[in-house]
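Here's the structure we're looking at; comments come further down.
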Amino acid sequence: SVILRSGPDNPNTKPREYPKRITTYTTTQRKETYLDSIITSQGSIKLVKSNVLRQDTQSDKYALQYIRVFDANNQLTKEVELVHDYLISDPSDESQFTASFTTAPVYIDPNTDSFLNKRLRLREVRFNEVVSSGTPEYYNYAFDYNENVKLPHKRSYDQDHWGYYNAYNNTTLIPPF
């Protein structure tokens with residue numbers, strides 16, 4: 001503790017004790033920069049983010065929703081829409097995800113609205129292209145995923161050296177030597 005006097009060197013005042021306090025601290029702030037357009041002599045490309053926050057991250061991030069291609073006259077020639085949804089993880093019984101204030105552990109339900117249980121997934125890419133005749137041409141590509149094996153939550157130790165899921169039931173991220 002630190003002893004402070006309440007007056008300027010007055011011997012009649014009693015010193016008061018205050019607990020020590022942290023006087024310095026460190027904060028980290030990040031300002032992320034995202035590419036939103038590419039401009040060339042032949043035209044430009046605009047990258048348009050979704051207006052809905054991503055559910056698989058704690059920070060305010062948005063998924064890329066549209067890629068718009070413009071010609072040299074700034075006329076839209078192609079629009080690509082990226083359609084997303086989320087993979088949902090199985091519940092976890094790891095100690096970091098269970099409540100310890102009850103006798104029986106409380107598990108995170110896979111339907112819990114937590115960023116730990118969700119991963120952004122690309123479901124479809126839709127193309128709207130204006131061909132030389134001026135008529136729009138629509139086509140798309142859809143993606144299927146193997147959902148027979150569910151991925152664990154994001155903080156799971158079940159991953160290899162590169163961070164890919166390996167289902168080894170690891171107890172740490174530190175590899176054996």
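Side chains included, hydrogens not; waters and symmetry mates left out as well; all remaining heavy atoms used.
Put simply, NZ on Lys61 and CD on Gln58 are 10.5 Å apart, with the number rounded to the nearest 0.5 Å. The distance from atom OG1 of Thr57 to atom CZ of Phe115, rounded to the nearest 0.5 Å, is 7.5 Å. Summarising the geometry, atom CG belonging to Leu76 is positioned 11.5 Å from atom NZ belonging to Lys46; distances are rounded to the nearest 0.5 Å. To the nearest 0.5 Å, the span separating OG1 on Thr77 from CZ on Phe70 amounts to 8.0 Å. Interatomic distance, CG of Asn140 versus CZ of Arg123, reported as 12.5 Å (0.5 Å rounding).
Of all the heavy atoms in Ser41 and Ala72, the pair that sits closest is O-CB, 3.8 Å. When all heavy atoms of Tyr86 and Arg121 are compared, the pair lying nearest together is O-NH2, 3.5 Å. Nearest approach of Leu173 to Ser156, heavy atoms of both residues: CD2-O, 4.4 Å.
When the side-chain hydrogen bond (donor to acceptor under 3.5 Å, both in side chains) test is applied to Gln159, no partner is found at least two apart in sequence or on another chain.
A 4.5 Å side-chain heavy-atom check between Glu81 and Gln65 finds at least one atom pair inside the cut-off.
Atom CD of Gln42 has 12 or fewer heavy atoms from other residues, nucleotides or ligands within 6.0 Å. The neighbour count for Tyr34 OH, taken as heavy atoms of other residues, nucleotides or ligands under 6.0 Å away, is above 12.
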Might you work through the side chain to side chain contact (heavy atoms under 4.5 Å, CB included) test for Arg126 and Val83, ending with a clear yes or no?
-> CA-CA 8 Å; Arg126 297 176 184 161; Val83 180; 3.6 Å; yes
Check against side chain to side chain contact (heavy atoms under 4.5 Å, CB included), Lys118 and Ile88 = CA-CA 5 Å; Lys118 296 179 181 180; Ile88 307 296; 3.7 Å; yes
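Formation of a donor-acceptor pair under 3.5 Å by the Asn73 side chain with backbone atoms of Gln75 is not found in this model. Side-chain atoms of Ser44 never come within 3.5 Å of backbone atoms of Ile39 as a donor-acceptor pair (strictly under, hydrogens ignored). Here the side chain of Asn170 pairs a donor or acceptor atom with the backbone of Tyr157 at under 3.5 angstrom. In this structure, Asp158 contributes its side chain and Asn166 its backbone to no donor-acceptor pair below 3.5 Å.
Side-chain heavy atoms closer than 4.5 Å link hydrophobic residues (I, L, V, M, F, W, Y) into clusters, and following such links, even through other members, never connects Val52 to Tyr62.
With salt bridges taken as basic N to acidic carboxylate O contacts below 4.0 Å, none links Asp56 and Arg119.
Cluster partners of Ile45, by chain and number: Leu35, Ile38, Leu47, Leu64, Ile67, Val69, Val80, Leu82, Leu122, Val125, Phe127, Tyr139, Tyr141, Phe143, Tyr145. The rule joins Ile, Leu, Val, Met, Phe, Trp and Tyr whenever side-chain heavy atoms lie under 4.5 Å apart.
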